[in-house]
Amino acid sequence: MPDDHKPIEIEDIGSNPAPREPIGALIERRLSRRAALRGLLGAGAAATLSDQLLAAAVPAAAQPAPGGAASPSSLGFREIAHRMDERDAVPEGYEIQTVIRWGDAVLPDAPAFDPLRQTAAAQAAQFGYNNDYVDFFPLPRGSRGAEHGLLAVNHEYTDPQLMFAGLREEKDGKAVSLGEGARRRLSREQTMIELAAHGMSIVEIRRQDGRWAPVRDSRLNRRITGETPMRVSGPAAGHARLRTSADAEGRLVLGTLNNCAGGNTPWGTVITCEENFNQYFGGAAATTGAQAAMYKRYGIVGEGSYGWSRHVDRFDLDKEPNEPNRFGWVVEYDPYDPQSVPVKRTALGRFKHEGCTHAIAPDGRVVFYMGDDERFDYVYKFVTARAWNPQDPAANRDLLDEGTLHVARFHEDGRMEWLPLVHGQGPLTAANGFDSQAEVLIDTRRAADLLKATPMDRPEDVQANPANGRVYVMLTNNTRRKPEQVDPANPRAANASGHVIEMIPPGADAGQADHAAPEGRWEIFLIGGRPGVDAGAQYHQGTSPEGWLSCPDNCTFDSKGRIWIATDGAPSTHGVADGLYAADTTGEGPALTRLFYQAPTGAEVCGPCLTPDDTTMFLAIQHPGDDKGASFEEPSTRWPDFQPGMPPRPAIIAITRKGGGVIGS
């Protein structure tokens, strides 16, 4: 999600102890071993690594492989060039297919999309807006098929100035950035359309003659919206702070909002994550009510970014002060059962979940990694209390209701520890306002503050690589980090381009990663930005002038363990389109990133997802045309249709090799 949609920042960014030695020495010690292995330090270089990181020296990463030697990368595609264009781009030999767009039919009774005659009822049957997380579930269930399956997609938020006509704003005869003003001028019907455009779509798709297309009348197709009834489970279910006038028991919520990334479970369900839920609420109680301190910690203010509180009472804090407590959770649902009721799993904590992805510990317990996507917030993991049972699906149904939530502390010497968020342990007691485990989970951020977790540079996707057992943390950016707040795990002040960290569970390098362990190690994988321009940008020395990236956001891994990184923010930081980059994580070319896809102007790249045979890469292209001053009438692109009068439409694309074959080879 772009920075201009991010909520206000908290004042207290954490209370970790100050480094005991100069930060340059700490950074050099943490990075020098990996840097040497990757060739980041050129032969005869006089500067220390900390000098390279902090003084904007041109690193060896900007140079080609010496002597014209072959690239150490295992990737075989011809890299494309950085650009900014109304159309997207892939390497030679690849092609892009549009699978489904905003407004396309999902349910059998969906009307044809008419951007000038939208209704909430129509949108509730059509593909929603601003697609983010994407997952592919083979059909039949339990198979490894790659030609037929269910596409599960999140719809994170809405851009009304690109959705609706008549919201264009001008100043001195020129279009200006529309921003939140457009949202607050919406009618009740437009607000209800926005509610229906949120949530998820589940669509059956099939590949025939190399082309992917939805199965129009599939009984498995489903829309989940901002008003779909959802059950609340786990320790916080029924707590007084989850009760409202419409739900006196605190166990049934209408809808899910701001669903950013997500994940899946070994038992075949979808995990979808509620991120910036704070934007939808407003009211004087934000600053004067009994929960004002909690509201502030989660970025809830008197007038939210959306104007929904003007039309829908449950978003008015003065009428329903507990409604925000019913959002910010992880939601689980069964994509194969369109009648199943989604469940908000409170044991996994309440914060701005970017994603929630799993790994399996040697004892069979399932570990879910999560990032809280805010500047100076934290990395988490949840460990189930019991092992999952692959032979008994019913035994796994409520596995996410029992377990332990942990938050990460990154030590300067490369150790990391997972701090349990358990009521009664350490400062998580009634004396500090936590009377139960439910309250620890409702106020997860404050609990993590008290445990002195490490404040990070916007932790987004956190995923385990099945090939090497290491866990990769996408840290998108943090321009508000000051020099005195730099630490080894967040090694740059004013970090505009972000970085990626490897978390290494015990046993990972021996092929037996214990993801449930209370401690581990960490290392820097890469530091984003343009070498020679951005202080501290660090990649493999063979990285080309087109291979650098800015603002890592989502990621996935192919069957060879190579990482694919989608970006969100490069247009703002460097004037190039966001894209998808690939790199090895092992062998001779770790962190040698190569540019594979670039989005159309204004768009963010989300949800990279490969079919089980690695022959299709699905991507969610979010908010195309969302440039400064763009509007429904005058967008910066009309991607993907390029038809007069048709606004840009967020869409899911499929990238394949012409003639077939494995992506990236």
Side-chain angles (χ1 to χ4, degrees), residues 14 16 27 30-31 34 133 260-263 273 275 349 351-359 367-382 405-412 414-419 448 453-478 481 486-492 495 497-505 508 513 515 517 519-528 536 538-539 549-557 561 563-569 581 583 585 590-591 593 606 608:
N16 291 325
I27 294 170
R30 284 303 313 131
L31 298 186
R34 293 288 284 185
Y133 165 74
C260 196
C273 297
E275 194 190 37
F351 46 88
K352 294 182 181 178
H353 295 266
E354 167 73 21
C356 182
T357 63
H358 79 267
V367 178
F368 290 84
Y369 289 101
M370 300 169 282
D372 186 351
D373 185 7
E374 190 108 60
R375 301 173 185 89
F376 300 111
D377 260 294
Y378 309 123
V379 175
Y380 296 85
K381 77 175 180 183
F382 175 80
L405 182 65
H406 303 75
V407 65
R409 182 185 292 162
F410 295 83
H411 289 276
E412 63 186 41
R415 290 183 304 112
M416 65 176 303
E417 58 181 318
W418 292 100
L419 313 171
T454 303
M456 306 298 286
D457 286 351
R458 282 187 61 199
E460 299 218 33
D461 226 352
V462 185
Q463 291 205 31
N465 184 345
N468 65 9
R470 296 183 175 215
V471 183
Y472 292 75
V473 185
M474 305 296 110
L475 297 157
T476 296
N477 55 37
N478 185 359
R481 187 176 290 273
V486 165
D487 61 59
N490 301 276
R492 286 194 296 197
N495 182 13
S497 286
H499 58 293
V500 177
I501 279 178
E502 289 176 308
M503 301 190 300
I504 311 165
H515 293 278
E519 295 189 355
R521 298 181 291 118
W522 68 270
E523 295 174 345
I524 297 285
F525 180 67
L526 64 80
I527 302 178
Q538 291 289 340
Y539 308 86
L549 60 86
S550 181
C551 305
D553 188 333
N554 298 141
C555 70
T556 194
F557 300 92
I563 191 169
W564 296 77
I565 300 173
T567 68
D568 171 19
Y581 298 76
T585 57
T593 48
C606 307

Kindly say whether D457 contributes a backbone atom to a donor-acceptor pair with the side chain of N490 at under 3.5 angstrom? yes
K352/D377 ion pair, N-O < 4.0 Å: no
Verify, without hydrogens or angle tests, whether T476 (side chain) and P552 (backbone) share a donor-acceptor contact under 3.5 angstrom. yes
CE of M416 to CD of E523: how many Å apart, nearest 0.5 Å? 12.0 Å
R470/F525 under side-chain contact (heavy atoms from CB on, under 4.5 Å): CA gap, chis, key distance, verdict: CA-CA 11 Å; R470 296 183 175 215; F525 180 67; over 6 Å; no
Between W564 and P608, the two heavy atoms sitting closest are O-CG, 4.3 Å
Do side-chain atoms of W522 reach the backbone of H411 as a donor and acceptor pair under 3.5 angstrom? yes
Looking only at heavy atoms, what is the nearest atom pair of N465 and G561, with distance? ND2-O, 2.8 Å
Between T357 (side chain only) and V462 (backbone N and O only), is there a donor and an acceptor less than 3.5 Å apart? yes
Given the rule in the side-chain contact (heavy atoms from CB on, under 4.5 Å) test, do T585 and Y472 qualify, once you have shown the distances and angles that lead to the verdict? CA-CA 10 Å; T585 57; Y472 292 75; 3.4 Å; yes
Would you give the length of the straight line joining atom NZ of K381 to atom CG of L419, rounded to the nearest 0.5 angstrom? 10.5 Å
Let's go through I501 and L475 carefully: what are the C-alpha distance in whole Å and the side-chain angles of both, what is the deciding distance for side-chain contact (heavy atoms from CB on, under 4.5 Å) to 0.1 Å, and is it a yes or a no? CA-CA 8 Å; I501 279 178; L475 297 157; 3.7 Å; yes
Rounded to the nearest 0.5 Å, how far apart are CD1 of I527 and OG of S497? 11.0 Å
Step by step, would you call N495 with R375 a side-chain contact (heavy atoms from CB on, under 4.5 Å)? CA-CA 11 Å; N495 182 13; R375 301 173 185 89; over 6 Å; no
Heavy atoms only: give me the nearest P455-R481 pair and the separation to one decimal. O-NH2, 2.8 Å
Is there a donor-acceptor contact under 3.5 Å from the side chain of Q463 to the main chain of C555? yes
Heavy-atom donor-acceptor pair, H499 side chain to A489 backbone, under 3.5 Å: yes
Partner of P459 under side chain to side chain contact (heavy atoms under 4.5 Å, CB included), picked from T454, D373, V379, is V379
If I compare all heavy atoms of M503 with all of F410, which pair ends up nearest, and what's the gap? SD-CZ, 3.9 Å
Sorted by chain and number, sequence neighbours left out, ring-ring contact (aromatic ring centres under 6.0 Å, His included) with Y581 holds for none
Heavy-atom nearest pair, D461 first then A261, reads OD1-CB, 4.5 Å
Parallel, tilted or perpendicular: ring planes of F368 versus H358, cut at 30 and 60 degrees: tilted
Between the side chains of E354 and N554, does any donor sit under 3.5 Å from an acceptor? yes
Checking side-chain polar atoms at under 3.5 Å, does Y380 have a donor or acceptor matched by the opposite partner on H353? no
Please name the pair of heavy atoms, one in W418 and one in A517, separated by the smallest distance, quoted to 0.1 Å. CD1-O, 3.6 Å
Could you state the interatomic distance from CZ (R415) to CZ (R521), rounded to the nearest 0.5 Å? 12.5 Å
Gap between atom SG of C273 and atom CG of D372 - 0.5 Å precision: 11.0 Å
Any salt bridge between D553 and R458, counting N to O under 4.0 Å? no
Please round to the nearest 0.5 Å and tell me the distance separating atom CZ of R492 and atom CD of Q538. 9.0 Å
